[in-house]
Amino acid sequence: VDNNNLARCTVREYLQVRLLECLQEVGGFTGWAFVGGTALRLLYGMPRFSEDLDFSLIHPGADTRFETFLEKTKSVFEREGYGISIKAKTEKTVQSAYLKFPGLLYELGLSPQVSEALSIRTEIDTNPPKGAGLETSVIRRHVLFNLLHYDKPSLLAGKLHALLARSYTKGRDVYDLLWYLSDRTWPPPNVFFLNQALYQTGWQGPTITLENWKQQTAEHVKCLDWKKAVDDVRPFLERQQDLALLNEQTLLKLLEEKERV
């Protein structure tokens with residue numbers, strides 16, 4: 001295991017959690033829901049680190065106050081002595097920002113370059129698909145706080161949408177699906193929400209149902225570039241031995257087992 005990479009991932013995750021805590025304190029989660037891979041890790045212990053924080057507006061079209069909330073969190077970090085800069089893009093439907101912490105990796109002995117900045121990308125979908133279920137959970141990782149997020153069927157639907165709609169292989173999507181399928185207690189996807197998301201991104205395939213979602217996913221799995229998948233997810237895994245399971249045979253077997261359950 002690359003200990004420097006693991007340390008960098010751990011530092012980034014601590015900052016992600018602190019950022020979430022700050023966003024809650026300044027009122028972000030009155031209108032935002034936490035989604036994506038980082039949500040899976042922090043809420044359910046998925047053993048993969050993540051670079052991003054992803055959110056969806058609860059009421060599409062509402063004022064996100066995206067930059068306002070991020071600027072408020074910036075001032076919290078600055079009061080604690082962090083160097084931090086924010087570069088936001090708010091013109092598109094999915095608003096995004098890079099939060100950069102220059103000098104931190106150098107101070108921690110994780111980079112020889114004073115100028116190297118650790119960054120966290122933050123995104124919010126201002127026009128999310130309809131039909132997601134919402135839940136509130138207490139997070140206990142580094143700090144303790146309450147968080148509004150998509151429920152389990154909707155989180156799975158979001159990951160299936162990413163896998164099915166993406167025109168290239170992203171290993172993190174594939175690993176996350178492997179992790180979902182290995183948990184027999186995880187409920188099936190929110191297919192209404194999944195179809196809304198697919199239609200939004202120009203899906204040409206059939207309507208996804210509780211009967212065919214595994215078959216449709218299996219067809220897609222057969223077309224993946226497995227070398228790309230492994231190379232993409234490798235730097236983010238807690239356990240490098242998990243890479244041995246990241247292959248077509250294992251994933252198809254899990255989909256078939258899910259079919260029989």
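On a predicted model such as this, the values are computed, not experimentally measured, just so you know.
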List the steps, then state whether side chain to side chain contact (heavy atoms under 4.5 Å, CB included) holds for Leu40 with Tyr180.
CA-CA 10 Å; Leu40 293 177; Tyr180 272 118; 3.2 Å; yes
How far apart are the C-alpha atoms of Tyr44 and Trp186, what are their side-chain angles, what is the distance that settles it, and do they pass the ring-ring contact (aromatic ring centres under 6.0 Å, His included) test?
CA-CA 11 Å; Tyr44 303 111; Trp186 200 282; 5.1 Å; yes
Go through the steps for Lys89 and Glu91 under the test salt bridge (Lys or Arg N to Asp or Glu O under 4.0 Å), then give the verdict.
CA-CA 6 Å; Lys89 293 182 179 177; Glu91 318 80 48; over 6 Å; no
Run the numbers on Trp179 and Leu245 for side chain to side chain contact (heavy atoms under 4.5 Å, CB included), then give the verdict.
CA-CA 10 Å; Trp179 177 81; Leu245 298 171; over 6 Å; no
Determine, step by step, whether Val230 and Val174 satisfy the side chain to side chain contact (heavy atoms under 4.5 Å, CB included) criterion, reporting the C-alpha distance in whole Å, the side-chain angles of both residues, the deciding distance to 0.1 Å, and the verdict.
CA-CA 9 Å; Val230 168; Val174 186; over 6 Å; no
Intermediate values then yes/no, side chain to side chain contact (heavy atoms under 4.5 Å, CB included), Glu78 and Ile84:
CA-CA 7 Å; Glu78 284 173 338; Ile84 179 173; 3.7 Å; yes
Passes side chain to side chain donor-acceptor pair (under 3.5 Å), Ser50 versus Asp52? Steps please.
CA-CA 6 Å; Ser50 176; Asp52 313 328; 5.3 Å; no
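Interatomic distance, Leu255 CG to Gln216 CD, rounded to the nearest 0.5 Å: 11.5 Å. For the atom pair OG of Ser56 and NE2 of His149, the computed distance is 13.5 Å after rounding to the nearest 0.5 Å. In this structure, the separation between SG on Cys9 and CG on Leu118 is 9.0 Å, given to the nearest 0.5 Å. Rounding to the nearest 0.5 Å gives a distance of 11.0 Å between CD1 of Ile139 and CD of Glu21. Note that SG of Cys22 is 5.0 Å distant from CZ of Arg18, once rounded to the nearest 0.5 Å. Separation of atoms CD (Glu256) and CG (Leu251) is listed at 10.5 Å; rounding is to 0.5 Å.
A salt bridge links Arg172 with Glu51; the closest basic N to acidic carboxylate O contact falls under 4.0 Å. Checked for salt-bridge contact, Arg65 and Glu67 miss the test: no charged N lies under 4.0 Å from a carboxylate O. A salt bridge is absent between Glu25 and Lys72: the closest approach of a Lys/Arg side-chain nitrogen to an acidic carboxylate oxygen does not fall below 4.0 angstrom. Asp173 has no carboxylate O lying under 4.0 Å from a charged side-chain N of Lys170, or vice versa, which leaves the two without a salt bridge. Comment: Asp176 engages Lys159 in a salt bridge, judged by a side-chain N to carboxylate O separation of less than 4.0 angstrom. Ionic pairing of Asp232 and Lys228 is not present here: no N-O contact between side-chain nitrogen and carboxylate oxygen is shorter than 4.0 angstrom. Checked for salt-bridge contact, Arg239 and Asp242 meet the test: a charged N lies under 4.0 Å from a carboxylate O. Salt-bridge formation is not detected for the pair Glu257/Lys214: no Lys NZ or Arg NE/NH1/NH2 atom is positioned less than 4.0 Å from an Asp or Glu carboxylate oxygen.
Ring centroid separation for the pair Phe29 and Phe55 comes in under the 6.0 Å cut-off.
Counting heavy atoms from C-beta on, the side chains of Asp231 and Lys227 come closer than 4.5 Å. Side-chain contact between Ser137 and Leu147 is absent, with no heavy atoms from C-beta onward closer than 4.5 Å. Residues Thr126 and Val94 fail the side-chain proximity criterion, which asks for heavy atoms closer than 4.5 Å. Two residues are said to be in side-chain contact when any heavy atoms from C-beta on lie closer than 4.5 Å; Leu237 and Tyr175 meet this criterion. At a threshold of 4.5 Å between non-hydrogen side-chain atoms, the residues Tyr98 and Ile86 do not count as touching. Side-chain atoms of Asp151 and Leu134, non-hydrogen and from C-beta on, never get closer than 4.5 Å to each other. Taking the side chain as every heavy atom from C-beta outward, His220 and Leu163 approach each other to under 4.5 Å. Using a 4.5 Å heavy-atom threshold, the side chains of Thr38 and Asp54 count as separate.
Between Thr217 and Trp213 the shortest heavy-atom distance is OG1-O, 2.6 Å. Closest non-hydrogen pair, Thr169 versus Ala229, comes out as CG2-CB, 3.8 Å. Across Pro128 and Leu57, no two heavy atoms sit closer than the pair CG-O, 3.2 Å. Scanning both residues, Ala117 and Leu105, for their nearest heavy atoms gives C-CD1, 4.5 Å. Heavy atoms only, all atoms of each residue included: Ile58 and Leu148 are closest at CD1-CD2, 3.0 Å. The shortest non-hydrogen separation linking Asn5 to Pro235 is ND2-O, 2.7 Å.
Shown here is Tyr106, whose OH atom has no more than 12 heavy atoms of other residues, nucleotides or ligands within 6.0 Å. The environment of Gln241 atom CD is dense: over 12 non-hydrogen atoms of other residues, nucleotides or ligands sit within 6.0 angstrom. Heavy atoms from other residues, nucleotides or ligands lying under 6.0 Å from NZ of Lys100 number 12 at most.
Ring planes of Trp32 and Phe66: tilted class, angle from 30 to 60°.
A cation-pi arrangement is not found for Lys74 relative to Phe69, the charged atom failing to lie both closer than 6.0 Å to the ring centre and inside a 45° cone about the ring normal. At least one test fails for Arg12 against the ring of Phe49: distance under 6.0 Å to the centre or angle within 45° of the axis.
In the hydrophobic clustering of ILVMFWY residues, with side-chain heavy atoms under 4.5 Å counting as a link, Leu155 and Leu210 come out together. When the side chains of ILVMFWY residues are joined at heavy-atom separations under 4.5 Å, either directly or via intervening members, Val11 and Leu42 end up in a single hydrophobic cluster. No chain of hydrophobic side-chain contacts below 4.5 Å, direct or via other Ile, Leu, Val, Met, Phe, Trp or Tyr residues, connects Ile120 to Val76. Both Leu160 and Leu252 are assigned to one and the same hydrophobic cluster, defined by single-linkage of ILVMFWY side chains at heavy-atom distances under 4.5 Å.
Checked by atom type and distance alone, the side chain of Arg48 never pairs as donor or acceptor with a backbone atom of Glu238 at under 3.5 Å. Under the 3.5 Å distance criterion, the side-chain polar atoms of Gln240 are matched with a main-chain donor or acceptor of Arg234.
Under 3.5 Å, the side chains of Gln95 and Thr64 contain a donor-acceptor pair of N or O atoms.
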Taking distance alone, no hydrogens or angles, what donor-acceptor pairs closer than 3.5 Å link side-chain atoms of residues 187-205 to residues at least two apart or in another chain?
from, atom 1, to, atom 2, distance (Å)
Asn190, OD1, Phe192, N, 3.4
Asn190, OD1, Phe193, N, 3.0
Asn190, ND2, Gly131, O, 2.7
Asn190, ND2, Ser154, OG, 3.2
Asn195, OD1, Ile208, N, 2.8
Asn195, ND2, Val191, O, 2.9
Asn195, ND2, Ile208, O, 2.8
Tyr199, OH, Thr207, OG1, 3.0
Gln200, NE2, Asn127, O, 3.1
Thr201, OG1, His161, NE2, 2.9
Thr201, OG1, Ala197, O, 3.1
Thr201, OG1, Leu198, O, 3.2
Trp203, NE1, Gly205, O, 3.2
Trp203, NE1, Pro206, O, 2.8
Gln204, NE2, Gly202, O, 3.2

